[in-house]
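Read the structure below first, then the notes.
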Amino acid sequence: MTSAAEDLSKDPTSDPAEDNAYFPSPYSLSQYTAPKTNFDGVKHKGAYKGNLKVLMIAAAERYVLTQNGKMFSTGNHPVEMLLPAHHLMEAGFDIDVATVGGYPAKLELWAMPNEDEAVKATYEALKQKLKAPKNLADAVKNDLGEDSDYIAVFIPGGHGAVVGLPTSEEVTETLDWALSNDKFVITLCHGPAALLAASLGKKESPFKGYSACVFPDSLDEGPNLDIGYLPGRLQWLVADLLREQGLNVINDDMTGKTHRDRKLLTGDSPLASNSLGLLAADALVQEVQSKG
C-alpha cells in the first residue's frame, strides 16, 4: 500500500507564464512545504521602542536558468522571508524592503504556509512594500550613512537570490556599509549567495574567514533533481563559491541549523527560519539595550 505522497508526480509542473519554465513537482512540494511552520511564539514582543529599522534586500527575479535550458520558477521563499521578519517586527524593528532596480519582490507562493497565522499576518503587513519596494540604489545613496536608521540588512532565501544579487554593485555597497558600520547581516538558505557580491572590486571577500550556514549544494545536485523540485542543474552552487571566497560553510545537510559569526547571522534552509528569527531578534535587542 502506497502513501498519497508516493502517488504524486515527480515531474516539474509547467509554468504557463513563460516558455520552458517550471514550478516544483507535486511530489517535491509534498515533501518541502506544509500548511504551518514550527513557529511557537516570539521572545521579545515590544522590547524596542525606537526608530532603528531593518533593510530587507529581496529578490526581484522570478526565473533561474538551469544548465539544460529549462527555467526554475522561483523567487523569495515566503517562510524564509516572513518568519524571520515576524520576529524582528514583533520585537519593534520596522522593515523596509528594497530590490535591485526597485522592481516588485517575487515570492514562491507555492511554499506559503496558508494556515500559519504569524506568516500570513506578516505577509499582509509587508505586502505593499513588497509590491512597491525601494530601489536599492536609492537606499544606498540616501539611507546608508554613519547615522543610518538601519541596524541590520536581511537577505531572505529562495533560489531567486542567485540571480542578480551576487553581481549587484548596490548589494556590494550595502554589504560594505554594513561591515564598515558594525551592522548585522542576516541571511539563510540560498540568500548567502548575495554575500558573493562583497568581493566585487576587491582582491578578496571581506567575509573571508567567516563561518556560515548555507543550503547544501548536495541537495541541489541530487535529491532536488531526483524529486523534481528543480527542472535542471543550477549554473553554479552557492556553498561551493562561498568556500572559494574563503568562507567556512559549517553544514553539509539541512537540519534547521543557525549560526552567528560576529554580526553575520545565517541559517541553512526553510527549517531554520524560526530559529534564525529568534536569533536575530535576540541579537538586535541585545545590541540596542547594550547601547542604552
Side-chain angles (χ1 to χ4, degrees), residues 29-48 53-59 74-95 97 105 107-127 130 151-161 184-192 194 211-216 219 229 238 249-251 253-261 263-287:
L29 291 182
S30 76
Q31 302 302 298
Y32 278 169
T33 64
K36 289 186 177 181
T37 71
N38 62 339
F39 174 75
D40 60 357
V42 299
K43 185 177 177 181
H44 296 288
K45 187 171 179 64
Y48 177 64
K53 302 184 290 184
V54 174
L55 178 63
M56 179 197 294
I57 301 178
T74 177
N76 301 274
H77 192 288
V79 175
E80 296 171 9
M81 170 188 280
L82 298 169
L83 196 44
H86 182 76
H87 284 282
L88 294 169
M89 292 166 67
E90 287 292 289
F93 299 96
D94 195 14
I95 292 181
V97 180
L107 269 72
E108 300 171 330
L109 285 183
W110 38 261
M112 180 69 78
N114 289 314
E115 297 177 16
D116 194 295
E117 296 304 321
V119 172
K120 288 167 58 181
T122 306
Y123 181 47
E124 290 303 317
L126 290 177
K127 185 179 289 187
L130 293 167
I151 188 174
V153 176
F154 171 41
I155 306 168
H159 283 79
F184 291 94
V185 176
I186 306 161
T187 186
L188 72 165
C189 200
H190 290 82
S211 297
C213 294
V214 184
F215 189 82
L219 291 183
Y229 186 82
V238 177
V249 177
I250 64 172
N251 66 295
D253 53 4
M254 184 175 72
T255 63
K257 186 179 183 67
T258 61
H259 184 67
R260 175 174 178 174
D261 186 343
K263 289 194 170 178
L264 177 64
L265 313 181
T266 55
D268 67 11
S269 67
L271 301 179
S273 301
N274 189 56
S275 295
L276 184 64
L278 288 165
L279 177 65
D282 268 344
L284 269 61
V285 169
Q286 290 172 11
E287 179 79 2

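Because only heavy atoms are used, hydrogens play no part in the values below, and waters and symmetry mates are left out as well, while side chains stay in. Predicted model only: the values in this text are computed from it and were never measured.
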### Query
Got L126 and M89 here, is their nearest side-chain heavy-atom distance under 4.5 Å?
yes
In short, P270 meets H77 closest at the heavy-atom pair CG-NE2, 3.8 Å
side-chain contact (heavy atoms from CB on, under 4.5 Å) with M56: of I95, V153, I155, I186, only one passes, and it is I95
Heavy atoms of L219 and M254 approach each other most closely as CD1-CB, 3.9 Å
Salt bridge (charged side-chain N to carboxylate O under 4.0 Å, His left out) pairs touching residues 30-41, sequence neighbours excluded, are none
Query raised in the report: Side chains of F215 and V249: does their closest heavy-atom pair fall under 4.5 Å?
Result: no
Check: Checking D268 side chain against G256 main chain: does a donor-acceptor pair fall under 3.5 Å?
Finding: yes
Q) Should the pair H159 and Y229 be assigned to parallel (<30°), tilted (30 to 60°) or perpendicular (>60°) ring geometry? A) tilted
The reported gap from CD1 in I151 to CG in L55 (rounded to nearest 0.5 angstrom) is 13.0 Å
Legend entry - Side chain to side chain, L276 and L265, heavy atoms closer than 4.5 Å: yes
Across all chains, not counting sequence neighbours, the salt bridge (Lys or Arg N to Asp or Glu O under 4.0 Å) partners of K257 are none
Nearest heavy-atom approach of A161 to G191 is CB-CA, 3.9 Å
Taken to the nearest 0.5 Å, the spacing of I250 CD1 from H259 NE2 works out to 4.5 Å
Closest non-hydrogen atoms of A58 and V97, given as atom of the first, atom of the second and distance, are CB-CG1, 4.2 Å
Residues pairing under salt bridge (charged side-chain N to carboxylate O under 4.0 Å, His left out) where one sits in residues 108-123, two or more places apart or in two chains, turn out to be E117-K120
Can you tell me if N76 uses its side chain to pair, donor with acceptor, with the backbone of G158 under 3.5 Å? no
In this structure, CG of L88 is separated from NZ of K53 (nearest 0.5 Å) by 14.0 Å
Applying salt bridge (Lys or Arg N to Asp or Glu O under 4.0 Å) to E90 and not counting sequence neighbours gives K45
Should Y123 and P78 count as side-chain neighbours, where that means a heavy-atom distance under 4.5 Å?
-> no
Nearest heavy-atom contact between F184 and R260 is CE2-NH2, 3.6 Å
Note, H86 side chain near V119 side chain (heavy atom, < 4.5 Å)
no
What one should report as the nearest heavy-atom pair of H190 and V238 is CD2-CG2, 3.9 Å
Taken in chain and number order and not counting sequence neighbours, the residues that satisfy salt bridge (Lys or Arg N to Asp or Glu O under 4.0 Å) with D94 are K129
So the side chain to side chain donor-acceptor pair (under 3.5 Å) pairs with at least one residue in residues 271-282 (sequence neighbours excluded) are K43-D282, H44-D282, H87-N274
Notebook entry, point to check: Under a 4.5 Å cut-off applied to non-hydrogen side-chain atoms, are C213 and L188 in contact?
Noted result: no
Side-chain (T33) to main-chain (A111) donor-acceptor, under 3.5 angstrom = no
- request: Please examine the side chains of Y48 and L284, heavy atoms only from C-beta on, and report whether any two atoms are closer than 4.5 Å.
  value: no
In this structure, OG1 of T187 is separated from CD1 of I57 (nearest 0.5 Å) by 9.5 Å
